[in-house]
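As structure tokens, the structure follows; a few thoughts come after it.
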Amino acid sequence: MNLVERDLKVIWHPYTQMQTALPPIPIVRGEGACLFDEDGKKYIDAVSSWWVNIHGHAHPHIAQKVAEQLNKLEHVIFAGFTHEGAVELGERLLKLLPGNQKKVFYSDNGSTAVEVAIKMCLQYWHNRGEARTKILAFNNAYHGDTFGAMAVSGRSAFTAAFDSLLFEVEFIDLPDAGNIERLKSHISHLKSQLACFIFEPLVQGAGGMIMYEAQYLEELMAHCRQEGVLMIDDEVFTGFGRTGKPFACYHVNQQPDIMCFSKGLTGGTMALGVTTCSTQIYDAFLSDDKLKTLFHGHSFTANPVACAAALASMDLFTDPSTQKNIDRICAAHLEFSQKIEYHPKVKTIRQTGTILAMEWETGDNTSYFNSLRDKLYQYFLAAGIILRPLGNVIYILPPYCITDDELNYVYAKVAQALEEI
Ligand SMILES: *Cc1c(COP(=O)(O)O)cnc(C)c1O
């Protein structure tokens, strides 16, 4: 039996209708922005393997640091014990974040980082003896697949089977010039019930790479601050350079109370989640009363190997060459989008930093289930490019180390697809 046959016998893949999906492609190795399959065919990973990979595959620096760590300490319980990697990562991460972020809480992935953030906010009010339990979120948001994270995500086909069990959330539209005043007065009206406001800054990723302007996010944040509504900035996707700046919150002159990280945190090497918070949040849990403890933890909280990967990724991230690469991709995306923006098949094209997204004109409504999706996916795979359209929305968000030649090849194939599909 070959690997695909063995896979199909035992594996259930994520976000995959196993009855109709094409067999998976066995990948044996990665290097830079590329992945290689069993037959040696090369694929440019233009989606950074579900948005996690920022420095390229099998990066030797990360590999070395992870190997060293594995030979020293693979894991230790993180209640009652600590280790160098967790502390150093906390110190170095906080230095990169807005000045009010003072404490680091570790978990396993983006969804758990969001769960922790939600619990911090809800229990913050609980510990203070105030009944504030409503959460404000954006329509069409995506914050993860666990139940709490799902509850604060937009109701959609992803959540349909569970909708009746998800806690109620106050959803508002993305802000713009037309609705910002209405949104603000809505928040003022609800403020005494609101525990927090959770948002994806500037870009709603899984919701279809929907982008909105920093100016209106800043206004909403300033208003939440004024009204005493806590803010959770979910930077799981936008963190570590995706939007052109180190973190998306640096596009606005406001500081969130809590921030969530995962995806790029370890450079895409392994799973790790981080939730950071201000001292205001942290202090609300300090007490002689044990019931005010944040009762949350995972078996692998602050796993030393994952921390080593994150530290190695941070070495690379803070090297000036990385910001240069980010700037280079931003400029290239802009130039390419200007080239094709008036193509009749380009319904809309939008960019935030290293994220370029275009809606393919299909005559139909834009949707995750648009049938064009499979056609486009296969077309690019055949051309040796991994693009995973969200319905008829194609997006390009490569590892920052992608070469000009590789990037130009991706653009050329998108331009060719516009003519051929
Ligand atoms: C991917 C994502 C999550 C969930 O992260 P997982 O590691 O997949 O659980 C949460 N929030 C945002 C904004 C994301 O893009």
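Note that ligands are numbered from 1 as they come in the structure, with each ligand's atoms numbered from 1 the same way. Because the structure is a prediction, the values reported are computed rather than measured. All residue numbers refer to positions in the sequence shown, counting from 1.
- Of all heavy-atom pairs between Val274 and Val104, the closest is CG1-CG1, 3.9 Å.
- Each of the following atoms of ligand 1 lies closer than 4.0 Å to a heavy atom of Gly110: 4 (C), 5 (O), 6 (P), 7 (O), 9 (O).
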Contacts under 3.5 angstrom, residues 328-335 side chains, donor-acceptor by atom type, not counting sequence neighbours:
from: Arg328; atom 1: NE; to: Asn325; atom 2: OD1; distance (Å): 3.2
from: Arg328; atom 1: NH1; to: Ile402; atom 2: O; distance (Å): 3.0
from: Arg328; atom 1: NH1; to: Asp404; atom 2: OD1; distance (Å): 2.8
from: Arg328; atom 1: NH2; to: Asn325; atom 2: OD1; distance (Å): 3.1
from: Arg328; atom 1: NH2; to: Tyr400; atom 2: O; distance (Å): 3.3
from: Arg328; atom 1: NH2; to: Ile402; atom 2: O; distance (Å): 2.6
from: His333; atom 1: ND1; to: Tyr411; atom 2: OH; distance (Å): 2.7
from: His333; atom 1: NE2; to: Thr354; atom 2: O; distance (Å): 2.9
from: His333; atom 1: NE2; to: Ile396; atom 2: O; distance (Å): 3.4

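- The closest donor-acceptor contact from the side chain of Thr322 to the backbone of Leu316 lies under 3.5 Å.
- Taking a cutoff of 4.0 Å between a charged side-chain nitrogen and a carboxylate oxygen, Asp37 and Arg29 do not qualify as a salt bridge.
- Heavy-atom proximity to Gly144, at under 4.0 Å, picks out these atoms of ligand 1: 4 (C), 10 (C).
- Asp234 OD2, 3.4 Å is the protein heavy atom nearest to atom 12 (C) of ligand 1.
- Nearest protein neighbour of atom 14 (C) of ligand 1, counting heavy atoms only, is Lys263 NZ, 2.9 Å.
- Within the 4.0 Å heavy-atom cutoff, Trp51 counts among the residues contacting ligand 1.
- In terms of polar-atom proximity, Ser111 is counted as a contact of ligand 1, with an N or O under 3.5 Å from an N or O of the ligand.
- When each atom of ligand 1 is checked for a heavy atom of Phe237 under 4.0 Å away, the hits are 15 (O).
- In summary, the atoms of ligand 1 found under 4.0 Å from a heavy atom of Glu200, numbered by their order in the structure, are 13 (C).
- The two residues Glu359 and Arg350 make their nearest non-hydrogen contact at OE2-NH1, 3.0 Å.
- Near Asn109, meaning under 4.0 Å from one of its heavy atoms, ligand 1 places the atoms 7 (O), 9 (O).
- Taking the six-membered ring for Trp and the full ring otherwise, Phe300 and Tyr106 have centroids separated by 6.0 Å or more.
- For atom 7 (O) of ligand 1, the nearest protein heavy atom lies closer than 4.0 Å.
- Counting only heavy atoms from C-beta outward, the side chains of Ser313 and Ile54 approach each other to under 4.5 Å.
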